Amino acid sequence: MISRSPDASVRLLPWAGSGGKPCYVIGDGTGYVSRVADNVESVQLGMALELLAHADDMLDDRQVTSAQLRYVVARMAESLRDVHRIARSRGERLAAAMCEGSSSPRSRG
C-alpha cells in the first residue's frame, strides 16, 4: 500500500493511459510528473487557442471545403476533450483545497 503525506493530493493528469483510462498522480504538486503535467496543460491550452483562431479564419473564408471544415472540427473535438480534462483536474484540486481549508482550525472562526 502507498502511503500519502498529509499535504499530498490526487491530480488528474492531462493525458490518458492505456485504453483511454484516466491517469493520476499523488503528491504535493511540486514533483517531476506535476511539472510535466503543468507543461502539457500549457501546451494544450495554447494549441486550443491557436485552433480557435484558425477556425475563425476558416469561417471567414468562402473557399474552404467541407473536407477542411471536417478536419478542423475533428481537431476542435480533440482539443475540447483536452480542455475539459484540464478543467476537471483543476476543479477537483480546487474543491479539495477548499475542503481542506474549511476543515482547518483557523478557518472555523
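Predicted model only: the values in this text are computed from it and were never measured.
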Note to self: Less than 4.5 Å apart, side chain to side chain, heavy atoms only: is that true for Y32 and V25?
What the structure shows: no
Next item on the list: Answer whether the closest heavy-atom distance between the side chains of E41 and R90 falls below 4.5 Å.
Entry: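 Yes; the side chains approach each other to less than 4.5 Å.
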Check: E78 and R81: salt bridge (charged side-chain N to carboxylate O under 4.0 Å, His left out), yes or no, with the steps?
Finding: CA-CA 5 Å; E78 292 168 357; R81 280 186 209 95; 5.7 Å; no
Margin query: Count I, L, V, M, F, W, Y as connected when their side-chain heavy atoms are under 4.5 Å apart, and connections chain through other members. Are V40 and L13 then in the same cluster?
Written below: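 As far as the 4.5 Å side-chain criterion goes, L13 and V40 are connected within one cluster.
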Note to self: Check whether R88 reaches the backbone of L12 with its side chain - one donor and one acceptor, N or O, closer than 3.5 Å.
What the structure shows: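 No, R88 side chain to L12 backbone: no donor-acceptor pair under 3.5 Å.
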Next item on the list: Would you check if the side chain of R11 reaches a backbone N or O of I26 as a donor-acceptor pair within less than 3.5 Å?
Entry: no
Next item on the list: Considering non-hydrogen atoms only, spot the tightest contact between R85 and A16 and give its length.
Entry: NH2-CB, 3.8 Å
Margin query: Please give me the minimum heavy-atom distance between A48 and S79, naming the atom from each residue.
Written below: CB-OG, 3.0 Å
Acceptor/donor pairs from residues 49-65 side chains to any protein atom, 3.5 angstrom cut, sequence neighbours excluded:
residue : atom : partner : partner atom : Å
D61     : OD1  : Q63     : N            : 2.8
T65     : OG1  : Q68     : N            : 3.1
T65     : OG1  : Q68     : OE1          : 3.3

Note to self: Surrounding OH of Y71 (heavy atoms of other residues, nucleotides or ligands, distance under 6.0 Å), is the total greater than 12?
What the structure shows: no
